[in-house]
Amino acid sequence: MTEMAVRSVLVTGSNRGIGLELIKKFINRSQPPEYIFATCRDPKGPRGEELNNLASKHSNVVLLQLDATDADSIKKAVSTVETQLKGEGLNLLINNAGVMTHVDLDNVGSEDMINVYKTNVVGPLLISQAFYPLLKKSADLHANEPLSCQKAAVVNISSLLGSIESQTFTFDPAKQVISYRVSKAALNMLTRCQAEGYKKDGILFSALHPGWVKTDMGSERALLTTDESVTGMMKVLNSLSEKQNGILMSWDGSAIPW
């Protein structure tokens, strides 16, 4: 399969884990994007050190401050991206930023549920809305092309834990992560609504499960390294088409039921 030629990509939560690995993989493509917008909450802080090192070595990496829960932060990021793109649209938006708290059904409270929901669901919604004009511009510039990441696409990083149909609920307190599960189920529904609502505009929307990955969120007990997960995810991104519009996909290329 021919590698997708994405001119511009933006990844939220890209200072560590899956987000950081996505940035590295885009940098190392045979046809790297002209613009790789790497965002995180505090790019000047210690957690942004590796991103800053990448940006200093690769002129196509643009480091941006972006807090998915802060409307002003999102607005400023959009303005910067628009200026950088010089009249062109944004090809690919990857809503990767997310949080998880290890709370069980008996102990989860309203504050935890709301905070996780704000980052994992409201954040992708607001960011997608804010970048819609740039995505639409890219879609219009490639109006005769089929849906793809090369044309215009939003990929919401979700989880198998948000799939109601595929879950076997073993209520081990260490595995419940109630607020995370519920937020990812909501993100899946948001993705489906976005896919239906924006299909006429030529923008593809898909949700993507990265697998159980050895990150701060996934823990060292996880089955996949970030390299294994993101290598698979890049193949999925390369192959996304109208068939996967509004679908929850896995890093290995299989579809996951809602």
Side-chain angles (χ1 to χ4, degrees), residues 1-12 22-23 25-39 59-62 64 74 77-96 124-158 187-209 230-256:
M1 179 179 292
T2 304
E3 185 177 86
M4 61 177 175
V6 175
R7 180 175 181 263
S8 57
V9 58
L10 186 146
V11 182
T12 69
L22 279 164
I23 298 300
K25 288 289 190 288
F26 276 111
I27 289 172
N28 292 319
R29 290 176 73 86
S30 60
Q31 292 180 284
E34 187 176 345
Y35 298 98
I36 301 173
F37 298 102
T39 83
S59 61
N60 59 339
V61 177
V62 181
L64 298 176
I74 296 170
V78 171
S79 178
T80 301
V81 170
E82 185 173 23
T83 299
Q84 289 280 334
L85 291 177
K86 302 170 185 174
E88 298 286 333
L90 178 66
N91 294 121
L92 177 59
L93 166 62
I94 301 178
N95 284 312
N96 168 70
L125 170 65
L126 295 180
I127 291 171
S128 299
Q129 288 175 333
F131 281 99
Y132 166 81
L134 290 174
L135 291 158
K136 180 65 164 57
K137 182 175 288 188
S138 180
D140 289 345
L141 289 171
H142 301 86
N144 295 324
E145 297 179 14
L147 293 181
S148 71
C149 292
Q150 183 171 310
K151 182 177 183 177
V154 176
V155 174
N156 295 321
I157 301 303
S158 186
L187 180 63
N188 291 342
M189 175 56 81
L190 172 63
T191 304
R192 187 61 181 268
C193 291
Q194 290 172 321
E196 293 298 325
Y198 295 115
K199 184 177 180 180
K200 65 183 186 303
D201 297 319
I203 305 172
L204 183 151
F205 283 82
S206 184
L208 182 54
H209 164 60
V230 178
T231 295
M233 290 168 65
M234 293 297 285
K235 292 178 181 178
V236 173
L237 294 176
N238 195 56
S239 65
L240 287 179
S241 68
E242 187 168 351
K243 291 181 179 180
Q244 290 82 35
N245 193 38
I247 299 297
L248 173 59
M249 300 293 297
S250 176
W251 68 276
D252 64 4
S254 61
I256 299 173

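Just so it is clear, the values below take in all heavy atoms, side chains as well, and ignore hydrogens, waters and symmetry mates. A quick note: this is a predicted structure, and the numbers were derived from the prediction, not measured.
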Between Asn156 and Ser158, does any side-chain donor sit less than 3.5 Å from a side-chain acceptor?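 Note: Asn156 and Ser158 side chains miss the donor-acceptor criterion.
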
State which residues pass salt bridge (Lys or Arg N to Asp or Glu O under 4.0 Å) with Glu242; sequence neighbours excluded, sorted by chain then number. Lys199

Given side chains that start at C-beta, do those of [X] and [Y] come closer than 4.5 Å, heavy atoms only?
X	Y	result
Tyr132	Asp201	yes
Met233	Lys25	no
Phe26	Met234	yes

Are there over 12 heavy-atom neighbours, none belonging to Lys200, within less than 6.0 Å of that residue's NZ? yes

Suppose we screen for side chain to side chain donor-acceptor pair (under 3.5 Å). Which residues come up paired with Arg7, at least two apart in sequence or across chains?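 In terms of side chain to side chain donor-acceptor pair (under 3.5 Å), with neighbours along the sequence ignored, Arg7 is linked to Glu34.
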
Output all residues satisfying side chain to side chain donor-acceptor pair (under 3.5 Å) with Asp140, sequence neighbours left out; order by chain, then residue number.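 Expected list: Lys136.
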
When you measure from the side chain of [X] to the backbone N and O of [Y], does any donor-acceptor pair fall under 3.5 Å?
X	Y	result
Asn245	Leu204	no
Ser206	Ile247	yes
Tyr35	Gln84	yes
Asn60	Pro33	yes

Trace of the side-chain contact (heavy atoms from CB on, under 4.5 Å) decision for Leu85 with Phe37: CA-CA 11 Å; Leu85 291 177; Phe37 298 102; 4.0 Å; yes

Under the criterion side chain to side chain contact (heavy atoms under 4.5 Å, CB included), which of Val9, Val230, Val155 is the partner of Leu237?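 So the option named by the test is Val155.
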
